[in-house]
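Reading through the structure tokens given below for one structure.
Counting convention: from 1, in listed order, for ligands and their atoms alike. Keep in mind that what you see is a predicted model, and the values were worked out from it rather than measured.
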Amino acid sequence: MANRKIVVALGGNAILSKDASAQAQQQALRDTAKTLVAFIKQGDQLIISHGNGPQVGNLLLQQAAGSTEKNPPMPLDTAVAMTQGSIGYWLQNAMNEVLVENGLETEVATIVTQVEVSPDDPAFITPTKPIGPFYSKAECDLIKAAHPEQTFVEDAGRGYRRVVPSPRPIGVIEASVVNQLVSAGIVPITVGGGGVPVVRDNQRFVGREAVIDKDFASEKLAELVGADLLIILTAVDNVFVNFNQPDQKRLEAVSVAEMKDYIAQDQFAKGSMLPKVQAAIDFVESRPESSAVITSLENVGRFLEKGDGTIISMSPVPSQS
Ligand SMILES: Nc1ncnc2c1ncn2[C@@H]1O[C@H](COP(=O)(O)OP(=O)(O)O)[C@@H](O)[C@H]1O
Ligand SMILES: NC(=O)OP(=O)(O)O
């Protein structure tokens, strides 16, 4: 089925694996662009979003390392905007290259996107969003001693990471601009890093220091632009119940009601799979004719061909595999 309006959210592995150099991230995004072009080839209207957790954390560290009185570090909302710019540049450049290789004239544009949050969101007092590199316990203790204002958590057995507030998105300021670009046949790259968090202050919007979850921001955008499909790309082909246990079960076509039962059973890890599943449910509930897909970049071909992946909808249709 072509001609769908699709919001696709790119997970960490679409941009960054082990090597955080610009060159390596650009190469990863070239590979990602080769996958995404399949949607454009079959006539879908694509809207691309992406994460920025590792990048924005690294940027804060670079800023802190080089800052002087005359060259102060930038606040977190500005750092999020900076990563929207850098990752957006890499991705639109990669998309341009791959589109030309495929003989397509589609244009791509990155939009610095502001996402509205509530100033009263409890997330501002309880930081949960991991950013930047992983540390050992000893490294983490040293940083905490020097920066008692920073919060760190142990992240799924992989080490310690700084966490920052992650309020829920309630609006996307540039949603109408995104829709106008889509209507003009342009592929927008938007709500990068979850969008720049802003709060309403009478007639204006004011930045707040936080990092919004890109899956929630992509969901909000998908709702606002009236998307047909929300695709969340991550490192796994499917969502599982009893994940990583001998009896793990792959979820394929699954209903919103079933997903809610699994959430109640605590099947999805907080901070990794749970926000993706929650975003998928929120989107399908807001647009009951639509569906949401959680799968990997590597599985996109099989999703397009046979409907493989975890597909969440009100009334699931079994895959052709
Ligand atoms: N129930 C589950 N099913 C599948 N993956 C899960 C589950 N619970 C946790 N995960 C983990 O969540 C990861 C996706 O979260 P994360 O790495 O934070 O996302 P992102 O791709 O956006 O960076 C998967 O790669 C997997 O390791
Ligand atoms: N902003 C955000 O959700 O980034 P990650 O997906 O990289 O954590």
Side-chain angles (χ1 to χ4, degrees), residues 8-17 20 25 28-29 32 48-60 76-77 79-84 86-88 91 113 115 117 123 127-134 153 155-158 161-169 190-197 210-221 230-245 247-252 254 258-259 261-263 265-280 293-299 309-310 312:
V8 57
L10 302 178
N13 67 326
I15 317 172
L16 176 67
S17 45
Q25 295 191 65
L29 283 166
T32 299
I48 309 173
S49 73
H50 59 81
N52 72 340
Q55 294 83 358
V56 78
N58 288 354
L59 180 56
L60 291 186
L76 182 51
D77 53 317
V80 170
M82 291 162 85
T83 60
Q84 286 190 343
S86 55
I87 299 171
L91 183 52
T113 315
V115 169
V117 298
T128 55
K129 180 80 189 159
I131 59 167
F134 290 89
V153 294
D155 188 350
R158 296 177 293 184
R161 259 179 126 187
R162 184 176 172 193
V163 283
V164 296
S166 193
R168 282 294 189 108
T190 179
V191 296
V196 180
V211 174
I212 300 170
D213 184 286
K214 61 112 182 17
D215 298 313
F216 288 137
S218 305
E219 185 284 319
K220 184 55 69 183
L221 178 77
L230 170 65
I231 303 180
I232 297 178
L233 295 181
T234 184
V236 285
D237 292 351
N238 290 75
V239 182
F240 289 84
V241 289
N242 303 332
F243 181 58
N244 272 350
Q245 291 167 39
D247 61 344
Q248 71 173 11
K249 182 181 124 199
R250 181 186 298 271
L251 297 177
E252 290 167 340
V254 55
E258 203 181 328
M259 275 317 216
D261 284 346
Y262 293 137
I263 290 179
Q265 295 166 19
D266 243 347
Q267 287 286 352
F268 311 123
K270 290 185 186 67
S272 59
M273 190 46 77
L274 182 61
K276 296 178 197 308
V277 170
Q278 193 58 62
V293 181
I294 302 175
T295 192
S296 67
L297 201 58
E298 295 71 28
N299 196 51
T310 297
I312 300 129

Could you list each nitrogen or oxygen of ligand 2 that sits under 3.5 Å from a protein nitrogen or oxygen, with the atom names and the distance?
{"from": "ligand 2", "atom 1": "1 (N)", "to": "Asn52", "atom 2": "OD1", "distance (Å)": "3.0"}
{"from": "ligand 2", "atom 1": "1 (N)", "to": "Gly193", "atom 2": "O", "distance (Å)": "3.3"}
{"from": "ligand 2", "atom 1": "1 (N)", "to": "Ile212", "atom 2": "O", "distance (Å)": "3.0"}
{"from": "ligand 2", "atom 1": "3 (O)", "to": "Lys129", "atom 2": "NZ", "distance (Å)": "2.9"}
{"from": "ligand 2", "atom 1": "3 (O)", "to": "Lys214", "atom 2": "N", "distance (Å)": "2.8"}
{"from": "ligand 2", "atom 1": "4 (O)", "to": "Asn52", "atom 2": "N", "distance (Å)": "3.0"}
{"from": "ligand 2", "atom 1": "4 (O)", "to": "Gly53", "atom 2": "N", "distance (Å)": "3.2"}
{"from": "ligand 2", "atom 1": "6 (O)", "to": "Lys214", "atom 2": "NZ", "distance (Å)": "2.9"}
{"from": "ligand 2", "atom 1": "7 (O)", "to": "Asn52", "atom 2": "N", "distance (Å)": "3.2"}
{"from": "ligand 2", "atom 1": "7 (O)", "to": "Gly53", "atom 2": "N", "distance (Å)": "2.8"}
{"from": "ligand 2", "atom 1": "8 (O)", "to": "Lys129", "atom 2": "NZ", "distance (Å)": "2.9"}

Any N/O of [X] closer than 3.5 Å to an N/O of ligand 1?
X      : value
Phe243 : no
Thr234 : yes
Lys276 : yes
Asn13  : no
Phe240 : yes

Does the side chain to side chain contact (heavy atoms under 4.5 Å, CB included) test come out yes or no for Phe268 and Met259, once each step is laid out? CA-CA 10 Å; Phe268 311 123; Met259 275 317 216; 3.9 Å; yes
Check your understanding: Hey, does the side chain of Gln25 reach the backbone of Ile87 with a donor-acceptor pair shorter than 3.5 angstrom?
Key ->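 Not at all, since once roles are kept as given, no pair shorter than 3.5 Å links the two residues.
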* Has the side chain of Thr310 got a donor or acceptor atom that lies under 3.5 Å from a matching backbone atom of Val239? -> yes
Can you measure from [atom1] ([X]) to [atom2] ([Y]) and round to the nearest 0.5 angstrom?
X      : Y      : atom1 : atom2 : value
Met273 : Ile263 : CE    : CD1   : 11.5 Å
Ile232 : Ile312 : CD1   : CD1   : 7.5 Å
Lys214 : Asn52  : NZ    : CG    : 9.0 Å
Gln248 : Phe243 : CD    : CZ    : 6.5 Å
Leu91  : Ser49  : CG    : OG    : 10.0 Å
Thr32  : His50  : OG1   : NE2   : 11.5 Å

Give the residue, atom name and distance (to 0.1 Å) of the protein heavy atom nearest [atom].
atom                    : result
atom 23 (O) of ligand 1 : Gly12 N, 3.1 Å
atom 25 (O) of ligand 1 : Ala235 CB, 3.5 Å
atom 13 (C) of ligand 1 : Ser272 CB, 4.2 Å

Partner set under side-chain contact (heavy atoms from CB on, under 4.5 Å) for Ser166, not counting sequence neighbours
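Thr128, Lys129, Asp213.
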Counting each atom of ligand 1 from 1 as listed, which ones have a heavy atom of [X] under 4.0 Å away?
X      : answer
Gln267 : 1 (N)
Gly11  : 20 (P), 21 (O), 22 (O)
Ala269 : 8 (N), 9 (C)

Practice problem: State if Lys214 counts as touching ligand 1 under the rule of any non-hydrogen atom under 4.0 Å. | Solution: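 Lys214: in contact with ligand 1 (<4.0 Å).
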The single option from Glu252, Lys249, Arg250 that satisfies side-chain hydrogen bond (donor to acceptor under 3.5 Å, both in side chains) with Asn238 is Arg250
**Request:** Evaluate side chain to side chain contact (heavy atoms under 4.5 Å, CB included) for Val241 paired with Leu251, printing each intermediate quantity in order.
**Result:** CA-CA 7 Å; Val241 289; Leu251 297 177; 4.0 Å; yes
